[in-house]
Asks: 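First the structure, then my questions, so here it is.
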Amino acid sequence: MAQQPIDWKAIEEKWRRRWEEARLFEADPDPNRKKCFVTFPYPYMNGPLHIGHGFTATRVDIYARFMRMRGYNTLFPWAWHWTGEPIVGASLRIKMGDKDLIRALKEIDKVPDEELEKFIDPVYMARYYTRESREAVKRIGFSVDWRREFHTTIYEPTYSRFIEWQYMTLRDLGYVTRGTHPVVWCPSCQSPTGDHDRLEGEGVFPEEYTLIKFIFEDGYLPAATFRPETIFGVTNMFINPDATYVEALVDGEKWIISKSAAFKLSEQLKKVRVLREFKGRELIGKYFKEPINGRELPILPGWFVDPESATGVVYSVPAHAPADWIALKDLMDKPEILSEFGIPPEVVREIKPISLISVEGFGEYPAIEVIEQLNVKDQFDPKLEEATSIVYRKEFHTGVLKPICGKYAGKTVRDVKAQIIEDFKRANIADSMYDLPQRVVCRCTTRCIVKILEDQWFLKYSDPEWKRLAHEAVDAAKIFPESARVYFHDKIDWLRDWACARKTGLGTPLPWSPDWIVETLSDSTIYMAFYTIVKHIRRYDIKPEQLVREVFDYIFLGKGDHDNVSRLSGIPPNILREMREEFLYWYPVDLRVSAKELVPNHLSFFIFQHVALFPRELWPRAIGVNGVLTIEGQKMSKSKGNFLTLRDVVDRFGADVVRLTLALAAEEMDDPDWREENARSVDARLRSLYAFINQVSGMSGEDSIKSIDRWLLSMLQSRIRAVTEAIENLKTRTAAEIALYEVWNDIRWYLRRRESPNPKILREVANVWVRLLAPFTPFLCEELWSMLGNEGFVSMAEWPKYDESKVDVRAEEVEEFIRGVIDDTWSIIRVTRASPKTIYYYVSAGWKWKAFIKLLEMSSVKKVDMREAMRTLMEDNELRSVAKDLAQFVSRLIEEVNTLPAERRRALLKAGIIDELGDLREAADFLKKEFSCEVIVYREDDPDRYDPRGKARQARPYRPAIYIE
RNA sequence: GCGGGGAUAGCCAAGCCAGGUCAAAGGCGCAGGCUUCAGGAGCCUGUCCCGUAGGGGUUCGCGGGUUCAAAUCCCGCUCCCCGCACCA
């Protein structure tokens, strides 16, 4: 199998053109054929397709091509996702001259200058990438029906009509609700700041604080806390003397809070009117009242109080909050600070921590104990945070409230916390506000706050009934790999309501509230249904305004009759019927594949929305989940500079090489790793494959059938079966591995064993082989298929069928036997470091075979022991005559026979007594070549044998005795 | 923290669900040989350790256990990766 220069590009172009001319992958309903509808989640067009897209989509295409060859009417459509913020964002950044982005687009995406300048129009940008990506998809050879291509957003008005229908229907079904929701918000951009839009604060989300409204003069000091239960242990207040505070009317009450808190609250549905501004020191030394028992407590200076955090008002519980204790201790140690504020030292000295939670393993004052344990020095010690977290966790999970807590006494903190908050709020002792636990800075450099968005539209994924249906859909579907099923169930339970509309970005406006746009993950859930009718929309030039609700109701839900709907829409009734029929023909989706990162969002939404909108028989049939691609072991990213676009990779290596390399990289949920080294190796293999098939196609020679010929065909059957089963289960790596390497190794062994290969057999094998590989390397296989003299496309050829009649267990056992003999012989040669002149083999005597088979039979019923075995064997006259040797023979074999796996035992029994002498003599020439010496074969009981060391009697079935000179 | 996936010989990676054919597929790399008008091609052999006869020893993250028998089952531990929401 020598290599030849092959022009991949020429082959690929040739067949791509022919496929297109033949409209090979355009699939239309055919009631006489079973259908298969596979989909790949449409990619987002803010950049070129990368090799990670290529990986997942290749798996889809392998499956599609496989099913097509198995006779299924197979549809693999493709579309483009334009919905969302990033395209607009990128476009804006280009407009503003963002150097990093522009360089990335030039260098990685290879966008020419004259195109780049037009990217200030986001739609132009999306169109550009769509055009580029379409080319890449064609080049890599995905078997797509392009008549059904579309993109999303209002720029594809008929798609928008579809989305409108979807959301009106969902709303009527009660799955869309209205509500409020806290988001991280940039006051400058006036929009939510997602994780990827931040300079600082990745992974930071709003947290809800309880505000305890301590009474102060004619108003309140609302102190923020996560631990409202500790109010029973409050001893004082801390205010930052240098921070700016305000007196403000908040929903009609007078509140004293930090200046920034006032602003934040105004974004959280509170009516805020600032009355006056002042420094915190004004409050220091004054007294406030706690609202439970009305105790009067002092306000002390605390510079650790961050006015940017929550209200900037902090109450102090030194028994249970390490920070509070440390702050108090500081003040006790530094009376001069107190005097600066005119506070007598005894005010602080007399403060006693009040214990309100009992915790196993701690005494009265857990905070103080932990501070001592960790040796926290002062308020600025980083260990303080750890101390706080230890106390908090311990008290939350195991703490029990003490009698001082009144009606909550005796309960654990965990159980009663929510109740306390509710009670306090009802009693107007508490309120709440959201804030960010850490600084978050928007890309525009503005510090973010939490805003509560009103009138937000939600998909009610929290609905238990909806969840139940989603679970049922997961149970009913095939999930590849099976282990991902639990992942889906888990994520369905975990999903909360999803804000399904946004104010900015591209998309489709909500039909009943057009200032909102359907959010990107929410407009991409059932669009596979649109593939089934977009063909008609194009062909019959159906206008968006014709696509009234009733049209979709009719097509997708079977509501109404076509005459009526025709009147409403102006679409002829026969076309409506055709669309309905086409939808019903293709639906449900037979397979959808994506990377595992989409399980918690896209794939789960896909399931949810299908169960909401469609009857059970139209729910997805199978979902495949795969890993996330890395490049040479590294996560792919544009900033790291290891971003590989699909187009570049296909340009460099050719479509088939890329496809096969990707297929061989991983399956199930393992992460594939793209390695150039692997691609080069695959390239070499394919060149050799070409050379081999080329050679076989013109080969002539004798065509007698020997055992080795039957062996090759027999092996091929098990390869066919294994590849078929693997692809059925989307185990594309296993399938590719067997189809390429295992078959290759079989053929190699065959060529080695057969001095003059049988051309007919090889051509038969080649015809199967090329078809097994066709889903993986379709271009090359088309070429090889025609090289082998076949008419038509291999893409449409019948998938090889497992042929029982070609299975030859005996031939397989014979090869096992020969291979074993070779291995044993090599082993001896290596150990003795001899260079053999003559090798003598002695095959087992007839009685050994007889006993061996008998033992196999006995052990397939149940485990045999020595005594029982001998008793049965001795019933045979011939065996009895060699009783002494028999006993030795059986004792050596019995363990082995007993532990043989059932399958193997069956194979051995099926093969029966093989003609060791004949087979070995037939292989003698081959063995001579292998060992470059003479080979002589005897039967162990041949009276004329040459056996100077008495080796012959060691012979066992399948393991002849060996003597080497 | 919650959830999911992992840990196998130099590397990648099968096997584990259904315990014995497992010193453990396949690929890559490496070494030796062959082939070739010596291009990153092909073929053969080797690649845990020991062994002058086909054998033996020790391995499948760590520690226990079940079993005649465990990479595979059970318990505990350590470490790695990924997701965690208004975002594609």
Side-chain angles (χ1 to χ4, degrees), chain A residues 1-5 41 43-44 46 81 83-87 181 183-184 192-197 203 205 393 453 456 458 461 481-484 486-488 490-491 493-502 505 519-522 524 595-602 627-628 633 635 664-671 673 675 677-678 680-685 687-688 691-692 733-734 737-738 740-742 744-745 748 751-752 816 820-821 823-834 863 895-896 898-905 907-908 930 949 951 954 959-964:
Chain A
M1 299 191 203
Q3 207 195 23
Q4 284 184 11
Y44 187 64
N46 65 335
H81 205 191
T83 309
E85 186 65 35
I87 292 175
H181 190 70
V183 294
V184 179
T193 310
D195 233 6
H196 46 277
D197 291 329
F205 298 105
R393 286 220 304 271
L453 287 181
Q456 202 25 296
F458 290 94
Y461 291 144
E482 183 55 41
S483 61
V486 55
Y487 194 12
F488 276 104
D490 184 63
K491 289 307 164 195
D493 280 335
W494 161 89
L495 268 172
R496 304 193 304 256
D497 290 349
W498 182 263
C500 60
R502 293 207 60 174
E519 175 270 338
T520 172
L521 284 172
S522 304
S524 55
K596 58 189 168 190
E597 56 198 2
L598 294 194
V599 171
N601 42 65
H602 168 70
V628 181
K635 202 171 178 172
L664 285 166
E667 64 194 4
E668 311 221 303
M669 289 212 269
D670 294 334
D671 296 333
D673 187 23
R675 296 192 173 209
E677 184 180 281
N678 292 349
R680 269 189 266 117
S681 154
V682 166
D683 181 272
R685 289 281 176 169
R687 286 174 199 282
S688 299
F692 172 72
R733 199 197 84 89
T734 298
E737 195 267 332
I738 295 167
L740 182 67
Y741 296 113
E742 304 291 352
W744 195 295
N745 287 341
R748 246 180 9 204
L751 292 175
R752 194 171 148 199
E816 280 297 303
V821 167
D823 283 350
D824 283 349
T825 309
W826 272 120
S827 172
I828 295 168
I829 291 172
R830 258 195 308 280
V831 169
T832 59
R833 290 184 210 127
K863 225 164 128 173
E895 167 78 14
E896 193 183 313
N898 273 330
T899 58
L900 225 43
E903 198 185 327
R904 180 102 188 92
R905 190 179 291 127
L908 286 170
E930 289 289 308
R949 294 275 190 91
K951 294 279 183 194
Q954 290 178 8
R959 303 207 63 182
I962 303 170
Y963 173 64
I964 298 177

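Chain A is the first sequence line, chain B the second, and so forth, proteins listed ahead of strands; every chain is numbered from 1. Just the heavy atoms: all of them, side chains too, but no hydrogens, waters or symmetry mates, feed the values below. Note that the coordinates shown come from a computational prediction; the quantities given were computed from them, not determined experimentally.
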Asks: At under 4.0 Å, does any side-chain N or O of A:R752 touch on OP1 or OP2 of B:rU45?
Replies: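 Checking A:R752 against B:rU45: at least one side-chain N or O falls below 4.0 Å of OP1 or OP2.
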Asks: If the cut-off is 4.0 Å, is A:T825 near the phosphate of B:rG54, judged by side-chain N/O to OP1 or OP2?
Replies: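 A:T825 to B:rG54 OP1/OP2: no side-chain N or O under 4.0 Å.
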Asks: Write out the stems for RNA chain B, ordered by first number and formatted as range with range, counting runs of at least 3 consecutive Watson-Crick or G-U wobble pairs under 3.5 Å.
Replies: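 If one scans RNA chain B for consecutive Watson-Crick or G-U pairs, the stems found are B:1-7 with B:78-84, B:10-12 with B:26-28, B:29-34 with B:42-47, B:48-50 with B:55-57, B:61-65 with B:73-77.
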Asks: Between B:rG4, B:rG46, B:rG26, which nucleotide gets closest to the side-chain atoms of A:R830?
Replies: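 Out of B:rG4, B:rG46, B:rG26, the nucleotide with an atom closest to A:R830's side chain is B:rG46.
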Asks: Among B:rG51, B:rA14, B:rU45, which nucleotide sits nearest the side chain of A:D670?
Replies: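 Looking only at side-chain atoms, A:D670 lies closest to B:rA14.
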Asks: For B:rG40, take OP1 and OP2 only and decide whether either is under 4.0 Å from a side-chain N or O of A:R685.
Replies: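 For B:rG40, OP1/OP2 do not have a side-chain N/O of A:R685 under 4.0 Å.
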Asks: B:rA85 base stacked by A:W494? Criteria: ring centres under 5.5 Å, plane angle under 30°.
Replies: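 So A:W494 counts as stacking on the base.
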Asks: Measuring from the side chain of A:Y741 (C-beta onward, heavy atoms only), which nucleotide among B:rU45, B:rG83, B:rG26 has the closest atom?
Replies: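 Given the options B:rU45, B:rG83, B:rG26, the side chain of A:Y741 is closest to B:rG26.
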Asks: Taking B:rG10 as the reference, what is the distance to B:rA25 when you measure between their P atoms (whole Å, please)?
Replies: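 Going atom to atom, P in each nucleotide, I get 14 Å.
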Asks: Is there a side-chain polar atom (N or O) of A:R748 under 4.0 Å from OP1 or OP2 of B:rC44?
Replies: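 Yes.
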Asks: Starting the side chain at C-beta, find the nucleotide from B:rG27, B:rC81, B:rG5 nearest to A:D671.
Replies: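 Closest nucleotide among those given: B:rC81.
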Asks: Name the closest nucleotide to the A:R675 side chain, picking from B:rU52, B:rA85, B:rC12.
Replies: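 Minimum distance to the A:R675 side chain belongs to B:rC12.
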Asks: What's the closest nucleotide to the A:K491 side chain, out of B:rG40, B:rG3, B:rC28?
Replies: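 Closest nucleotide to the A:K491 side chain: B:rG3.
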Asks: I'd like the C1' distance from B:rU47 over to B:rA23, given in whole Å.
Replies: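 One C1' to the other, the span is 13 Å.
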Asks: Hey, which of these two, A:P600 or A:P192, hits RNA chain B nearer its 5' end, going by closest nucleotide?
Replies: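 It is A:P600, whose closest nucleotide lies nearer the 5' terminus.
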Asks: Select one nucleotide: of B:rG54, B:rA25, B:rC28, the one nearest the side-chain heavy atoms of A:E737.
Replies: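 Closest nucleotide among those given: B:rA25.
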Asks: OP1 or OP2 of B:rC43 sitting under 4.0 Å from any side-chain N/O of A:W744?
Replies: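 Yes, because at least one side-chain N or O of A:W744 sits under 4.0 Å from OP1 or OP2 of B:rC43.
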Asks: When you compare B:rG63 with B:rU78, how far apart are their C1' atoms, in angstrom units rounded to a whole number?
Replies: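 Straight-line distance between the two C1' atoms is 10 Å.
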Asks: From C-beta outward on A:Y487, which listed nucleotide comes closest to its side chain: B:rG54, B:rG4, B:rG46?
Replies: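 The listed nucleotide nearest to A:Y487's side chain is B:rG4.
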Asks: Answer whether the closest heavy-atom distance between the side chains of A:L664 and A:V682 falls below 4.5 Å.
Replies: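 Heavy-atom side-chain distance check passes, below 4.5 Å.
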Asks: What nucleotide among B:rA41, B:rA85, B:rU52 has an atom nearest to a side-chain atom of A:A684?
Replies: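 Of the candidates, B:rA41 comes closest.
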Asks: Please figure out whether A:W498 or A:D490 has its closest RNA chain B nucleotide nearer the 5' end.
Replies: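 Upstream on the strand: A:D490.
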Asks: As an exercise, state the distance from OH of A:Y741 to CZ of A:R748, rounded to the nearest 0.5 Å.
Replies: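 The distance works out to 11.0 Å.
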Asks: Can you name the residues that form a side-chain hydrogen bond (donor to acceptor under 3.5 Å, both in side chains) with A:R752, not counting sequence neighbours?
Replies: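 side-chain hydrogen bond (donor to acceptor under 3.5 Å, both in side chains) check on A:R752 returns A:E930.
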